[in-house]
> 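Let me give you the structure first, and then I'll get to my questions.
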Amino acid sequence: MRLLMMGPQGAGKGTQAELLSEALSLTHISTGDIFRANVGHKTELGVRAQAYMSRGDLVPDELTKAMVTDRLGQSDVTTGWLLDGFPRNLAQAEWLESSLQEAGTPLTAVLLLDVPDDVLLERMLTRGRADDQGDIIHRRLEIYRTETVPMIDYFGKMVIHVDGVGNLQDVAHRVLRGIGHSDVHLSR
Ligand code: AMP
């Protein structure tokens with residue numbers, strides 16, 4: 001199974017991606033986590049990405065695509081994966097689809113967590129990450145609307161809308177139902 005997890009910052013993408021990838025035995029790939037690890041280790045990629053991340057902007061596609069190519073080339077992805085935070089714009093989406101077609105490993109579904117703005121803002125403010133501060137939060141939401149939302153039309157019927165309000169397990173069960181796997185048990 002090859003899944004994309006979509007949703008605005010604060011929708012619970014990362015937490016759901018972790019829970020679901022474990023339950024479905026998929027490799028969880030978070031581009032945000034990979035970027036943060038690179039920033040932490042001060043790699044060349046991290047140094048280049050940091051300026052964009054600290055403003056709440058997207059890291060340029062060329063850097064991001066190279067990183068994803070590298071990650072999807074590793075051996076732990078052959079049995080299935082859940083991509084969290086990628087793609088984030090139409091150019092990335094088109095690139096991913098054509099790379100996957102070429103490799104003969106098309107997407108299974110795109111999961112979209114729907115959460116109203118007031119809930120998002122509150123969650124981000126309580127999470128308090130460096131890129132979760134006032135202006136940057138607004139910048140990230142604006143980028144989500146202008147750059148990421150157009151992907152919903154692009155992926156069309158592949159998109160499964162899931163109500164993202166509620167506790168972790170309830171939301172995860174909704175996702176599992178959405179992909180026809182209500183029989184799968186959550187490990188926590
Ligand atoms: P996230 O944890 O997914 O919100 O990602 C944190 C930050 O990493 C984002 O605000 C971007 O600066 C960068 N980032 C993560 N994924 C992508 C992507 N697919 N394209 C460009 N930048 C990204």
Side-chain angles (χ1 to χ4, degrees), residues 2-21 26-74 77 81-100 107 110-115 117 119-152 154-155 159 162 164 168 171 175:
R2 286 171 295 274
L3 301 172
L4 300 187
M5 177 68 78
M6 271 187 74
Q9 288 73 18
K13 262 184 311 171
T15 322
Q16 286 299 326
E18 233 169 75
L19 198 63
L20 290 160
S21 53
L26 302 172
T27 299
H28 174 202
I29 303 174
S30 157
T31 46
D33 283 353
I34 302 176
F35 278 132
R36 278 184 288 276
N38 275 278
V39 170
H41 291 112
K42 299 193 167 64
T43 66
E44 193 189 328
L45 174 67
V47 170
R48 293 175 71 184
Q50 189 168 26
Y52 300 95
M53 295 173 72
S54 60
R55 288 195 299 265
D57 284 334
L58 294 183
V59 176
D61 286 351
E62 292 317 311
L63 287 181
T64 308
K65 289 192 299 193
M67 184 180 87
V68 171
T69 301
D70 176 65
R71 187 64 189 87
L72 289 179
Q74 292 170 21
V77 302
W81 43 254
L82 193 165
L83 253 179
D84 154 19
F86 185 93
R88 274 291 230 276
N89 60 28
L90 273 181
Q92 292 180 3
E94 285 166 2
W95 171 82
L96 179 69
E97 274 236 294
S98 73
S99 320
L100 294 177
L107 281 176
V110 177
L111 308 169
L112 174 62
L113 292 179
D114 287 321
V115 176
D117 280 2
V119 180
L120 293 178
L121 286 173
E122 182 169 337
R123 284 191 191 167
M124 278 195 270
L125 287 169
T126 48
R127 175 163 86 170
R129 231 168 48 191
D131 55 358
D132 278 345
Q133 315 293 326
D135 286 357
I136 301 169
I137 290 183
H138 289 286
R139 177 85 187 123
R140 276 151 55 87
L141 284 176
E142 180 191 315
I143 289 189
Y144 179 75
R145 284 197 198 94
T146 55
E147 304 265 323
T148 310
V149 165
M151 290 188 343
I152 301 171
Y154 174 80
F155 284 116
V159 178
V162 178
L168 256 179
V171 176
V175 173

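Numbering of ligands and ligand atoms starts at 1, following listing order. Quick note: numbers below take in every heavy atom, side chains included, and nothing from hydrogens, waters or symmetry partners. Nothing fancy with the numbering, it's 1 onward along the sequence. As the structure is a computational prediction, the values presented were derived from the model and not from experiment.
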> Does E122 have more than 12 heavy atoms from other residues, nucleotides or ligands lying within 6.0 Å of its CD?
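Counting other residues, nucleotides and ligands, CD of E122 stays at 12 neighbours or fewer.
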> How many angstroms lie between atom CZ of R140 and atom CG of L58, to the nearest 0.5 angstrom?
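One gets 9.5 Å once the value is rounded to the nearest 0.5 Å.
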> Taking both backbone and side-chain atoms of P87, is any N or O found less than 3.5 Å from an N or O belonging to ligand 1?
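No; the residue has no nitrogen or oxygen that sits under 3.5 Å from a nitrogen or oxygen of the ligand.
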> Counting heavy atoms only, which of G85, A93, G56 comes nearest to atom 19 (N) of ligand 1?
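Of the listed residues, G85 has the closest heavy atom.
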> Tell me the contacting part of L58 for ligand 1: side chain, backbone, both, or neither, using a 4.0 Å heavy-atom threshold, strictly below.
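It is both parts that get close, each with some atom under 4.0 Å.
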> Hey, does F35 come in under 3.5 Å of ligand 1, counting only N/O atoms on both sides?
no
> Pairs of nitrogen or oxygen atoms closer than 3.5 Å, one from Q92 and one from ligand 1: do any exist?
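So ligand 1 has an N or O lying under 3.5 Å from an N or O of Q92.
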> Quick one: look at D33 and ligand 1, take heavy-atom pairs under 4.0 Å, and tell me if it's side chain, backbone, both or neither.
neither
> For R48, does the CZ atom sit with more than 12 other heavy atoms under 6.0 Å from it, leaving out its own atoms?
no
> Is it true that, when you exclude Y144 itself, more than 12 heavy atoms of the residues, nucleotides or ligands shown sit nearer than 6.0 Å to its OH?
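Above 12, so yes.
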> Can an N or O of Q9 be found at a distance shorter than 3.5 Å from an N or O of ligand 1?
no
> If you measure from each heavy atom of R36 to ligand 1, is any distance below 4.0 Å?
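Distance cut 4.0 Å: R36 passes for ligand 1.
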